[in-house]
Amino acid sequence: MKKYSIIIPVYNVENYLKKCLDSVVNQTYKDFEVIIVNDGSTDSSLEIALDYSKKYDFITVVSQENIGLSGARNNGIKIVDTPYFLLLDSDDYINKDLLQKLDDVVSSNSKVDIIRYQACDVTSMNTINYPENSFEDLSGKEAFDQIVRFHYVESAWLYLYNTKYFRDNNYKYPEGKVHEDFALTPFVIYNAKHVYSINYIGYNYVKRDNSIINSDDYDKVLKKVSDFYDNYLSINRMLDNVGGDKRIIKSYLANSLILKITELNGEDYKKYLKLLKTKKVFDEILDDSFPRKIKKFFIKLSPKLYYRR
């Protein structure tokens with residue numbers, strides 16, 4: 001049995017997939033497998049993936065009808081047969097020492113539920129690094145209180161997961177929705193018992209102009225906000241079933257949702273603003289210090305003015 005699995009959902013990324021897979025097969029640490037989940041690609045992505053699987057016996061390709069990123073991730077996780085796994089989006093790539101850096105932590109600690117590693121943004125113009133803080137063996141709540149200060153928080157591709165921990169809790173990404181990371185990752189962190197962070201920048205997030213998240217199509221904006229709201233309700237239901245001080249995570253979720261609705265125009269924005277006030281989402285924002293009281297006041301006064309100033 002291998003020690004690590006790298007799950008790569010693939011959908012119509014023929015221009016990016018080779019760089020992604022090259023970054024995987026060139027890892028300095030070798031005790032791992034790769035699970036490529038072809039999500040009904042209609043370009044040459046499947047052919048590229050199959051070519052790599054023929055060349056490297058640790059790469060497995062499975063295909064499914066197009067059901068989206070969440071479904072591809074869930075189906076990949078179902079067939080993992082290793083103690084740990086990570087998720088890699090197929091238009092991104094990882095640095096060659098990532099698995100070695102992660103194994104250094106795993107091999108030195110008897111209990112690891114999650115390890116956070118760090119990212120950089122890659123655009124056609126430049127690269128921006130985010131060298132966040134490291135920490136060792138914190139509870140999920142303590143870890144989230146640290147990670148909430150990082151540039152990226154809920155991105156599922158910035159964590160190594162203990163397979164048993166993930167499966168024992170029946171974690172699944174919500175299918176048919178975007179912003180699926182927001183619906184699950186904060187809770188996966190919060191609910192863990194042993195969380196680590198390394199300051200190694202091991203993930204390269206390629207920001208494509210035509211990606212789902214970056215699309216300017218207003219119909220897609222409406223879909224994203226609707227899904228974001230549903231995901232907000234879903235993760236809060238999960239939080240209701242666990243104990244502990246949830247003020248910081250609930251404040252983070254509320255801030256994220258309020259920020260999201262500022263992408264809307266006119267009556268759509270007013271509708272969601274009224275909904276969030278009715279649901280008392282603004283009440284979840286922390287106000288336990290004078291600066292936070294001021295921030296909360298201005299957010300409640302006008303989210304668009306505060307977040308888009």
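Quick note: residue numbers are just sequence positions, from 1. In this text the structure is predicted, and so the values were computed from the model without any measurement.
- A side-chain N or O of Arg116 and one of Tyr159 form a donor-acceptor pair less than 3.5 Å apart.
- A donor atom on one side chain and an acceptor atom on the other are not found under 3.5 Å apart for Tyr4 and Asp31.
- One finds no salt bridge joining Asp288 and Lys296 here, because no Lys/Arg side-chain nitrogen approaches an Asp/Glu carboxylate oxygen to under 4.0 Å.
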**OP:** Start with the C-alpha gap between Asp219 and Asp217, add the side-chain angles, then the distance that decides, and say whether side-chain contact (heavy atoms from CB on, under 4.5 Å) holds.
**Re:** CA-CA 6 Å; Asp219 287 339; Asp217 185 322; 3.4 Å; yes
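- For NZ of Lys246, the number of neighbouring non-hydrogen atoms (other residues, nucleotides, ligands) closer than 6.0 Å is greater than 12.
- Inspection of the Asp103 and Ser107 side chains reveals an N or O donor paired with an N or O acceptor under 3.5 Å.
- Tyr218 and Asp268 form a side-chain donor-acceptor contact under 3.5 Å, judged by distance and modelled atom types alone.
- A cation-pi contact, defined as under 6.0 Å to the ring centre and within 45° of the axis, is absent between Lys300 and Phe282.
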**OP:** Please assess Tyr171 against Tyr165 for the test side chain to side chain donor-acceptor pair (under 3.5 Å), listing each intermediate value before the final yes or no.
**Re:** CA-CA 9 Å; Tyr171 294 138; Tyr165 165 65; 2.9 Å; yes
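- Inspection of the Asn38 and Gln64 side chains reveals no N or O donor paired with an N or O acceptor under 3.5 Å.
- Checked by atom type, the side-chain pair Asn66/Asp39 shows a donor-acceptor distance below 3.5 Å.
- Residues Ser234 and Asn231 have side chains that never bring a donor and an acceptor to within less than 3.5 angstrom of each other.
- At least one side-chain heavy atom of Val24 sits under 4.5 Å from a side-chain heavy atom of Phe32.
- The CD1 atom of Ile8 sits 7.5 Å away from atom CD1 of Ile94, with the distance rounded to the nearest 0.5 Å.
- A donor-acceptor pair shorter than 3.5 Å cannot be found between the side chains of Ser155 and Asp181.
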**OP:** Given side-chain contact (heavy atoms from CB on, under 4.5 Å), test Ile147 with Ser197 step by step and report yes or no.
**Re:** CA-CA 9 Å; Ile147 293 171; Ser197 172; 5.7 Å; no
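- Of the inter-residue distances, the one linking Thr262 atom OG1 with Ile299 atom CD1 reads 10.5 Å to the nearest 0.5 angstrom.
- With salt bridges taken as basic N to acidic carboxylate O contacts below 4.0 Å, none links Asp51 and Lys55.
- In this structure, Leu222 CG and Leu264 CG are separated by 6.0 Å, a value rounded to the nearest 0.5 Å.
- In this structure, Tyr56 and Tyr52 have parallel ring planes: the angle between them is below the 30° cut-off, well short of the 60° mark.
- Looking at Phe150 and Leu158, their side chains never come closer than 4.5 Å, going by heavy atoms from C-beta outward.
- Between the side chains of Thr42 and Asn12, a donor-acceptor pair is found at a separation under 3.5 Å.
- Rounding to the nearest 0.5 Å gives a distance of 11.5 Å between CG of Asn26 and CG of Asn95.
- More than 12 heavy atoms of other residues, nucleotides or ligands sit less than 6.0 Å from atom CZ of Arg167.
- Hydrophobic clustering of Ile, Leu, Val, Met, Phe, Trp and Tyr side chains at less than 4.5 Å, counting indirect connections, unites Ile198 with Leu138.
- Using a cut-off of 4.0 Å between Lys/Arg side-chain N and Asp/Glu carboxylate O, Lys164 and Asp168 are scored as salt-bridged.
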Subject >> Pair Glu14-Ser45, side chain to side chain donor-acceptor pair (under 3.5 Å): steps then yes or no >> reply: CA-CA 5 Å; Glu14 60 185 6; Ser45 295; 5.8 Å; no
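- Atom NZ of Lys3 is surrounded by more than 12 heavy atoms from other residues, nucleotides or ligands within 6.0 Å.
- Residues in residues 269-283 take part in no side chain to side chain donor-acceptor pair (under 3.5 Å) pair, two or more places apart or across chains.
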Original post:
Where do Ile258 and Leu276 land on the side-chain contact (heavy atoms from CB on, under 4.5 Å) test, with the steps shown first?
Top reply: CA-CA 8 Å; Ile258 296 165; Leu276 268 53; 3.9 Å; yes
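- For the residue pair Tyr307 / Asn255, a side-chain donor-acceptor distance below 3.5 Å is found, with atom types taken as modelled.
- Side chain to side chain, Thr123 and Asn126 meet the donor-acceptor criterion of an N or O pair below 3.5 Å.
- Side-chain contact between Ile201 and Pro131 is present, with at least one heavy-atom pair separated by less than 4.5 Å.
- Environment of NZ in Lys250: crowded, with over 12 heavy atoms of neighbouring residues, nucleotides or ligands closer than 6.0 Å.
- Taking 4.0 Å as the cut-off between side-chain N and carboxylate O, Lys223 and Asp227 count as a salt-bridged pair.
- Neither side chain, Asp89 nor Tyr205, offers a donor N or O lying under 3.5 Å from an acceptor on the other.
- Evaluated for a side-chain contact (heavy atoms from CB on, under 4.5 Å) with Ser70, the options Glu175, Lys172, Lys177 yield exactly one hit, Glu175.
- Using a 4.5 Å cut-off on side-chain heavy atoms (C-beta onward), Val10 and Val37 make no contact.
- For Tyr161 and Phe166, the ring centers are positioned less than 6.0 Å apart.
- The list of ring pair (Phe, Tyr, Trp, His ring centres under 6.0 Å) pairs with a residue in residues 103-140, not counting sequence neighbours, reads Tyr130-His151, Tyr130-Tyr152.
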**OP:** Evaluate the criterion side-chain contact (heavy atoms from CB on, under 4.5 Å) for residue pair Thr60 and Glu33; output intermediate values, then yes/no.
**Re:** CA-CA 8 Å; Thr60 299; Glu33 66 176 13; 5.8 Å; no
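- Residue pairs that meet the ring pair (Phe, Tyr, Trp, His ring centres under 6.0 Å) test with at least one member in residues 180-199, sequence neighbours left out, are Phe182-Phe228.
- Side-chain atoms of Glu47 and Ser44 include no donor-acceptor pair closer than 3.5 Å.
- Gln118 and Asn199 are not linked by any side-chain donor-acceptor pair at a separation below 3.5 angstrom, with hydrogens and angles left out of the test.
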